[in-house]
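Here is the structure we will look at.
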Amino acid sequence: RLSRSLFHSPSSSFFGLCFYLHILSYLRSLTFVFFLMIRRPPRSTLDRSSAASDVYKRQAEYWVVALKDNHDRIARLNHAAMPDTPATGRKVICICHDIESNVDTKVTESECREAFHRMLAVERAHDVRTTYQVLGLLFRDTAAAVAADGHALAFHSYDHKVGDPTQLARTREVDLQVKGYRPPQSKITADLSDYTLAYWNFEWLLSSASSFRFQEPRIENGIVKIPVHLDDWPLHTGALTRAQWMARLRDEIAKRDILVISLHDCYARQWIDWYPDLLTELQGLGELWTCEQVVNRERFRSALRTRP
């Protein structure tokens, strides 16, 4: 029926011929791809011993490669140091920046942008690495500058809308490789389950200690969870003065081995002028790590605990 419908008139004959030629070309391309998929390595790289021949005869899916002919192609492993470990008796301090511009704060976009670049400049001068959680809608304008100085990157939702179940998916439309996620306002809603985070290929979650209800980093269902102990919200609201905030910071450092601090670009007018002094003091109190370093350490510790 198809043949008769395609060739029942001279006007349709040309169309029918093109159709069949197109199908034939498509089938030939599939055959070529299939041939490439199953083709064995060049004969010069194969072991021609009788034992190798026996392998091919019994189980043709195995390849035997001659090392003497391919030694220059072998990737040699280098000795690597153990995952990040602080010096004996030293605290671990993580500084994290929520980069959200003026999405829901009454500051100008230019003020937030200036604060962002001042943060980078101060950290560069102190030779420290921090972690930047960036809104997806700001990612393309900020990620390159952050990565250039060796800082860690995470998403801080796409546009700071709490409870929006599309936030994770929308961030993945921006970048597929970022591993960390920080929910807006530290609100862990139902759409941020461990399963959903893993589904969207996130490996760690940063949120307030009160939202997690624990104080130390841990792994749950394959997701490393890092609690934030102190942020700049009290400075922004005026609940704490600089002296009071610093006193709380020192108290938090004294009672725990790892401290995580969150600072915002939109609240930076409250602390950016004394940020150099803050970094100098923190460098004297402990080692400044990125969240990625904390994640690596937690995964290594987990592997040691589960080792038979």
Side-chain angles (χ1 to χ4, degrees), residues 80 82-85 92 94-100 103 129-140 142-144 146-147 150-229 231 256-262 264 289-308:
M82 297 290 282
D84 295 297
T85 303
V92 170
C94 289
I95 297 178
C96 304
H97 297 294
D98 290 349
I99 304 302
E100 56 194 55
V103 288
R129 305 293 175 266
T130 63
T131 303
Y132 283 75
Q133 304 86 232
V134 183
L135 293 186
L137 58 83
L138 302 174
F139 191 85
R140 290 191 173 95
T142 56
V146 172
H151 302 293
L153 271 166
F155 277 119
H156 184 35
S157 76
Y158 179 78
D159 56 10
H160 216 253
K161 291 182 179 179
V162 178
D164 176 6
T166 68
Q167 293 289 298
L168 293 176
R170 295 178 74 185
T171 60
R172 282 303 181 219
E173 293 175 359
V174 176
D175 185 271
L176 296 173
Q177 297 181 333
V178 171
K179 300 176 182 179
Y181 191 85
R182 171 147 166 73
Q185 301 177 19
S186 284
K187 292 184 178 179
I188 304 178
T189 51
D191 53 292
L192 295 177
S193 67
D194 297 340
Y195 173 84
T196 307
L197 288 166
Y199 177 85
W200 290 107
N201 202 31
F202 286 101
E203 298 182 8
W204 55 271
L205 182 67
L206 180 74
S207 191
S208 66
S210 59
S211 66
F212 281 137
R213 298 183 181 178
F214 54 79
Q215 300 290 325
E216 300 294 328
R218 64 171 64 171
I219 298 180
E220 293 182 344
N221 300 316
I223 304 296
V224 179
K225 299 180 179 180
I226 305 175
V228 175
H229 304 102
D231 67 12
R256 63 183 80 258
D257 293 329
I258 177 170
L259 178 74
V260 182
I261 307 166
S262 177
H264 295 68
W289 283 18
T290 68
C291 285
E292 291 285 357
Q293 289 175 281
V294 175
V295 169
N296 291 340
R297 185 177 70 169
E298 290 306 310
R299 292 205 178 281
F300 183 73
R301 285 177 170 178
S302 176
L304 289 180
R305 288 193 294 267
T306 59
R307 186 174 60 181

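In this text, all values refer to a predicted model and were calculated from it rather than measured experimentally. Quick note: residue numbers are just sequence positions, from 1.
- Sorted by first and then second residue, the pairs that involve residues 176-201 and meet ring pair (Phe, Tyr, Trp, His ring centres under 6.0 Å), not counting sequence neighbours, are Tyr181-Phe202.
- A 4.5 Å side-chain heavy-atom check between Val228 and Ser186 finds every atom pair outside the cut-off.
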Next item on the list: Check the pair Ile258, Glu216 against side-chain contact (heavy atoms from CB on, under 4.5 Å), reporting the backbone distance first and the verdict last.
Entry: CA-CA 7 Å; Ile258 177 170; Glu216 300 294 328; 3.1 Å; yes
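- Not a single donor-acceptor pair under 3.5 Å links the side chain of Gln133 to the backbone N or O of Phe155.
- A search for side chain to side chain donor-acceptor pair (under 3.5 Å) contacts involving Arg129 returns Asp127, not counting sequence neighbours.
- Looking at residues two or more places apart in sequence or on another chain, you find a side chain to side chain contact (heavy atoms under 4.5 Å, CB included) between Val103 and Glu100, Leu135, His160.
- We find the OG-CG distance between Ser211 and Leu205 to be 7.5 Å, quoted to the nearest 0.5 Å.
- Using bins of under 30°, 30° to 60° and over 60° for the plane-to-plane angle, the ring pair His151/Tyr132 lands in the tilted bin.
- Not a single donor-acceptor pair under 3.5 Å links the side chain of Glu298 to the backbone N or O of Val295.
- Once rounded to the nearest 0.5 Å, the distance linking CD1 of Ile188 with OG of Ser193 reads 11.0 Å.
- Between Ile226 and Phe212, every side-chain heavy-atom pair lies at or beyond the 4.5 Å cut-off.
- Using a 4.5 Å heavy-atom threshold, the side chains of Pro227 and Pro217 count as touching.
- Counting only residues at least two apart or in different chains, salt bridge (Lys or Arg N to Asp or Glu O under 4.0 Å) contacts with residues 175-196 comprise Asp98-Arg182, Asp194-Lys225.
- Here the NE2 atom belonging to His156 is positioned 11.0 Å from the CG atom belonging to Leu137, to the nearest 0.5 angstrom.
- His229 places a side-chain N or O within 3.5 Å of a backbone atom of Gln215 that can act as its donor or acceptor partner.
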Note to self: The test is side-chain contact (heavy atoms from CB on, under 4.5 Å); show your working for Thr189 and Val162 and say whether it passes.
What the structure shows: CA-CA 8 Å; Thr189 51; Val162 178; 4.3 Å; yes
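- Partners of Asp159 according to the side chain to side chain donor-acceptor pair (under 3.5 Å) rule, which considers only residues two or more places apart in sequence or in another chain, are Gln167, Arg170.
- From Asn221, atom CG reaches atom CG of Leu197 across 10.5 Å, with rounding to the nearest 0.5 Å.
- Shown here for Pro184 and Ser157, the closest heavy-atom pair between the two residues is CD-CB, 3.6 Å.
- Within the 4.5 Å cutoff, the side chain of Thr196 has heavy atoms near those of the Leu168 side chain.
- Between the side chain of Thr131 and the main chain of Cys291, a donor-acceptor pair closer than 3.5 Å is present.
- Annotation: the span from Ser207 atom OG to Gln185 atom CD amounts to 11.0 Å, rounded to 0.5 Å.
- For Arg218, the side chain to side chain donor-acceptor pair (under 3.5 Å) criterion is met by Glu220, not counting sequence neighbours.
- At least one side-chain heavy atom of Val92 sits less than 4.5 Å from a side-chain heavy atom of Arg297.
- Residues Pro183 and Leu192 come closest through the heavy atom pair CB-CD1, 3.5 Å.
- The shortest distance between side-chain heavy atoms of Val178 and Val134 does not fall below 4.5 Å.
- A heavy-atom distance below 4.5 Å is found between the side chains of Phe139 and Leu153.
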